[in-house]
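Right, one structure below, let's go through it.
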Protein chains: 2
Amino acid sequence: MPRPRFDQLPAPKRRRILDAAAEEFAQHGFDGASYNRIIRAAGVSKGAMYYYFDDKQDLFLTTVEDTLARGQEAFGSLDSVLAATDARGFWDAMQGLNRRAWSIFYDDPSLLALGKALLASPGLTESATYRELVARLDGVMRELVAAGVEVGAIRRDLDPALLSAVLLGMGEALDRFLIARVDTLDPAALAGLPERVLDLFVRAAAPAHALSSLVLGARDEPRAAPSDVSDQPLADAPAEAPAEAPAPEE
Amino acid sequence: MPRPRFDQLPAPKRRRILDAAAEEFAQHGFDGASYNRIIRAAGVSKGAMYYYFDDKQDLFLTTVEDTLARGQEAFGSLDSVLAATDARGFWDAMQGLNRRAWSIFYDDPSLLALGKALLASPGLTESATYRELVARLDGVMRELVAAGVEVGAIRRDLDPALLSAVLLGMGEALDRFLIARVDTLDPAALAGLPERVLDLFVRAAAPAHALSSLVLGARDEPRAAPSDVSDQPLADAPAEAPAEAPAPEE
DNA sequence: CCAGGTTTAGACCATGCGGTCGAACCAAAC
DNA sequence: GTTTGGTTCGACCGCATGGTCTAAACCTGG
């Protein structure tokens, strides 16, 4: 933890330091980040920094903690999801969370990058602060899953930890994908995206018997008409290849 | 690319160098890896190394290329999947691929780690070798997706690139999860795992109308009996918490 | 106005990095 | 026997790193 002196610093200076650190750590990860660069960017002397923080790790964890706290504040509570009484309501509420989360990450991508840096630094796992942070995130996830299970929105046939891991992985992949192409994607496609993204989560997480009632465009009749309204490709990809595979003959 | 002299080295020495490099790069990523450590581990002098390779990046790309080639050889062809004529057959064949891939990664985790190191090194994206490697992997993925779409095993309503990204993300998360717990998991649960894992891929990738016929245990009737045979938790997770949430009242 | 603790500054340290370079080695050619 | 040229070696270079330390600047109570 930071020396108590740091907390007594004038707020703007504290912010300058934490912001510089957040950017550096988010960009390069813990190992790759340069303490010297942070010091330069923050406009503080080395002596002062080592007067505030024990070492690089101390600064890093303080930065993560601060960023997380700010993100959490922006995020608000999970009540809407926890209050759901049926599967549909649960996923609708999750959609809301999803939107909120997305806009937060969009506003401040360093939050996500910092989280990744935290998880990717094996040397830090011993630190108490680290454990506490991870436990907090894990607790949130468990709470959500438990609530979903209770209302039949989430399958019980998978280890919740595995399910969490998979959902996080999907989310990360989606984030990467979208961040990489947010400027090149058709705005219209972008608008319909949250529904489709959530649909992916539902597909992975819902109980098998509830899939047909929760998944977009799923019918009880196994073979629907080949051209469905919702079967429009998302982006420009189909412009290349669709001619050669007109319709499955089966 | 490596100086041609490297290829003329006696095979065992070449192997020693590439193995040392693969381990170091897999463990620390490109930036984190130490050329000096590799040199020490390989038992070669620095001068010799710089006689074989232009620089660190040259060694890295050569290592990746070599490892990938060896992995590809072990992996074999995609014919079984490309030859499928219906959705079920496609996914059955994918199951086979999945098993093969898993056993390869299990035997030699450095392959996966090297791939990650490659993707995580933004500075290398300009290199021609890098582009070629990525293009090769991307081509394989496109081929598979195209085949799946043709037989109705893969949805068309999502940009294939996005779908690939999500599936890769899921796979990565699963790998991480399993690698982390492979020793603590119940062997019985482990045995049934490939089916469940593939089921996750099917859920994400199949067309909506085919879900009920492809997903494990999906019924057309939305509300099945609460205790289904396949509704057994996968691992030890329930041993901790089940007492406080005995049964959903629904 | 000064004493004495608190805070700041930045030169300095050891270490490790990727990369260079001139010398040594050695087998084949003359 | 000497020269040549491909190969190997490791000391060395400049640089950046995380971290230390001393001396000056600053502030505040007496």
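Just so it is clear: chains get the letters A, B, ... in the order the sequence lines come, proteins before strands, and each one is counted from 1.
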Of the candidate nucleotides [options], which contains the atom at the shortest distance from the side chain of [X]?
X: Arg37(B); options: dT8(C), dC17(C), dG18(C); answer: dC17(C)
X: Val44(B); options: dT8(C), dC9(D), dG10(C); answer: dC9(D)
X: Tyr50(B); options: dG19(D), dC17(C), dT20(C); answer: dT20(C)
X: Asp55(A); options: dG19(D), dG19(C), dC9(D); answer: dG19(D)
X: Lys46(A); options: dA11(C), dT8(C), dG19(C); answer: dA11(C)

Think [X] has a side-chain N or O under 4.0 angstrom from the OP1 or OP2 of [N]?
X: Ser34(B); N: dG16(C); answer: no
X: Asn36(B); N: dG16(C); answer: no
X: Lys13(A); N: dT8(C); answer: yes
X: Tyr51(B); N: dT8(D); answer: no
X: Ser45(A); N: dA9(C); answer: yes

Whole angstrom is fine here: how far is it from [atom1] in [X] over to [atom2] in [N]?
X: Asp31(B); N: dG16(C); atom1: CG; atom2: P; answer: 19 Å
X: Tyr35(A); N: dT20(D); atom1: OH; atom2: P; answer: 10 Å
X: Ile39(B); N: dG19(C); atom1: CD1; atom2: C1'; answer: 9 Å
X: Gln57(B); N: dC17(C); atom1: CD; atom2: P; answer: 19 Å
X: Gln8(B); N: dT7(D); atom1: CD; atom2: P; answer: 7 Å
X: Ile17(B); N: dT8(D); atom1: CD1; atom2: C1'; answer: 12 Å
X: Asp58(B); N: dT20(C); atom1: CG; atom2: P; answer: 13 Å
X: Phe6(B); N: dT8(D); atom1: CZ; atom2: P; answer: 11 Å

Side-chain donor or acceptor of Lys56(B) under 3.5 Å from a matching atom on the base of dG19(C)?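 Answer no: no donor N or O sits under 3.5 Å from an acceptor.
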Indicate the ring-plane relationship of Phe60(B) and Phe25(B), choosing parallel, tilted or perpendicular according to the 30° and 60° boundaries.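 Plane angle over 60°, so perpendicular.
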Expected output: side-chain [X] to main-chain [Y] donor-acceptor under 3.5 Å:
X: Ser121(B); Y: Leu124(B); answer: no
X: Lys56(B); Y: Ala33(B); answer: yes
X: Arg14(A); Y: Gln8(A); answer: no
X: Lys116(A); Y: Gly29(A); answer: no
X: Glu24(A); Y: Tyr35(A); answer: no

Both Gly47(A) and Phe30(A) contact DNA chain D. Taking the nearest nucleotide for each, which residue is further toward the 5' end?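 Per heavy-atom nearest nucleotide, the more 5' residue is Phe30(A).
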So which one's nearest nucleotide on DNA chain D is more toward 5', Gly43(B) or Arg40(A)? Gly43(B)
